[in-house]
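Just so you know, these numbers use all the heavy atoms, side chains as well, and skip hydrogens, waters and symmetry mates.
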Amino acid sequence: MAAEARSALEELLGDVPAIAGSLPEGFLDTVERFVALLLAANRSVNLTRVTSPREVARLHLLDSLAALPQIDRMAPSQAIDLGSGGGLPALPLAMARPGMRWTMVDSVGKKATILAKFVQALSLPNVSIIADRAEALGRSVAHRERYQLVTARACASLPVVAELALPLLTVGGSLLAWKGPLSETDEEVRHGRVATGQLGGGRLRIVDPGVIALGGHRFVIVPKEHSTEARFPRRPGEPGRRPLG
């Protein structure tokens, strides 16, 4: 199945030559090994509901790699991925850009342990794993306002993601969130704009990745323009129970 996913990804990348041409030598070999690890681990721990090879290639691998043009424009040296789960999008991105340091975060210890095994098996020295809540990291001296990029895929609504992500960003960094179809008039976007303004964020942008195979998938990008007030993030669970905005 991993080999089938690799073949499907190669086919899909044929429609996005700019992304395909930017991948390092050996990338497809490494990503095939990652898919094999993911599907094997998924038999005992629920890491993904998507398991057919072509859908793994499209909805996991291509969806992750579609962010590369945006990330390359930002040129961050350190990124942190929230709610990493099965390693997406961070692991494909770390394979694609080995010069970037990635920190992957999942609050579920069992998932974090599996991610650590993935990283070891794939020999990815640019990736580290943390088992903790984003709210705790956002109040930690070691992590608060330390990253140039925060990524979040299928994590939470925009106001919640903003409160978890913005405290981790250095001024000048950006939040990059994966979303389905969104428009400027959607309630989630309206509330997200209010929340990001409270957290030191600049203008929220909705970006079409321009990848036909992904349909209506969109990115939401929020630059950080001001330091986040010390009262954010609120205590664990509070951002989800009482979202800003």
Side-chain angles (χ1 to χ4, degrees), residues 1-42 46-76 79-100 102 104 106 115 118-119 121-122 124 126-127 149-155 161 174-182 205-221:
M1 291 181 70
E4 290 180 51
R6 171 186 176 150
S7 296
L9 178 61
E10 285 187 273
E11 180 183 337
L12 290 164
L13 286 171
D15 292 328
V16 282
I19 293 175
S22 75
L23 298 175
E25 185 178 354
F27 173 82
L28 289 171
D29 293 332
T30 309
V31 89
E32 182 178 342
R33 285 159 46 212
F34 165 58
V35 172
L37 292 167
L38 174 64
L39 296 180
N42 198 56
N46 182 25
L47 299 174
T48 176
R49 294 190 297 271
V50 178
T51 57
S52 74
R54 184 162 187 86
E55 291 303 272
V56 167
R58 184 175 72 89
L59 295 176
H60 283 337
L61 303 177
L62 183 65
D63 192 45
S64 299
L65 297 175
L68 285 175
Q70 301 298 327
I71 293 173
D72 288 345
R73 290 186 193 99
M74 298 171 188
I80 185 167
D81 181 57
L82 304 182
S84 295
L88 299 150
L91 286 181
L93 291 172
M95 298 172 207
R97 296 295 181 268
M100 281 181 61
W102 283 86
M104 300 171 63
D106 202 285
L115 289 174
F118 287 178
V119 168
L122 296 169
L124 296 175
N126 58 327
V127 182
L149 174 66
V150 176
T151 57
R153 179 177 181 262
C155 184
V161 171
S174 295
L175 163 64
L176 175 61
W178 276 248
K179 285 289 178 180
L182 279 179
R205 294 189 295 122
I206 301 170
V207 177
D208 182 345
V211 180
I212 295 172
L214 296 178
H217 291 199
R218 297 290 182 268
F219 294 124
V220 171
I221 297 175

Taking atom [atom1] of [X] and atom [atom2] of [Y], what is their separation to the nearest 0.5 Å?
{"X": "Phe219", "Y": "Arg205", "atom1": "CZ", "atom2": "CZ", "result": "11.5 Å"}
{"X": "Ser64", "Y": "Met95", "atom1": "OG", "atom2": "CE", "result": "9.0 Å"}
{"X": "Arg153", "Y": "His60", "atom1": "CZ", "atom2": "NE2", "result": "6.0 Å"}
{"X": "Glu55", "Y": "Leu61", "atom1": "CD", "atom2": "CG", "result": "11.5 Å"}
{"X": "Met1", "Y": "Leu39", "atom1": "CE", "atom2": "CG", "result": "5.5 Å"}

Grab the two heavy atoms, one from [X] and one from [Y], that are nearest each other, plus how far apart they are.
{"X": "Thr51", "Y": "Thr48", "result": "CG2-O, 4.2 Å"}
{"X": "Ala8", "Y": "Ala57", "result": "CB-CB, 3.7 Å"}
{"X": "Phe27", "Y": "Pro92", "result": "CE1-O, 3.5 Å"}

Distance-only donor-acceptor hits, side chain of residues 83-91, under 3.5 Å, sequence neighbours excluded:
from	atom 1	to	atom 2	distance (Å)
Ser84	OG	Asp81	O	3.2
Ser84	OG	Asp81	OD2	2.7
Ser84	OG	Val105	N	3.3

[Y] and [X], any side-chain heavy atoms less than 4.5 Å apart:
{"X": "Leu9", "Y": "Val31", "answer": "yes"}
{"X": "His217", "Y": "Leu59", "answer": "yes"}
{"X": "Val35", "Y": "Arg6", "answer": "no"}
{"X": "Phe118", "Y": "Leu124", "answer": "no"}
{"X": "Arg218", "Y": "Asp208", "answer": "yes"}
{"X": "Val150", "Y": "Leu82", "answer": "yes"}
{"X": "Ser22", "Y": "Arg97", "answer": "yes"}
{"X": "Leu37", "Y": "Leu122", "answer": "yes"}

NZ/NE/NH1/NH2 to OD/OE distance under 4.0 Å, Asp63 and Arg58: no

Flag, side chain of Asn126 to backbone of Ala94, donor-acceptor distance under 3.5 Å: yes

Main-chain N/O of Ala121 paired with Arg33 side-chain donor or acceptor, under 3.5 Å: yes

Verdict with supporting geometry, Leu62 and Leu13, side-chain contact (heavy atoms from CB on, under 4.5 Å): CA-CA 8 Å; Leu62 183 65; Leu13 286 171; 4.2 Å; yes

Leu23 vs Leu65, side-chain contact (heavy atoms from CB on, under 4.5 Å): CA-CA, chis, key distance, verdict: CA-CA 9 Å; Leu23 298 175; Leu65 297 175; 4.3 Å; yes

Steps toward side-chain contact (heavy atoms from CB on, under 4.5 Å) verdict (Leu182, Val220): CA-CA 9 Å; Leu182 279 179; Val220 171; 3.6 Å; yes

Residue of the set Val127, Ile71, Leu93 for which side chain to side chain contact (heavy atoms under 4.5 Å, CB included) holds with Met100: Ile71

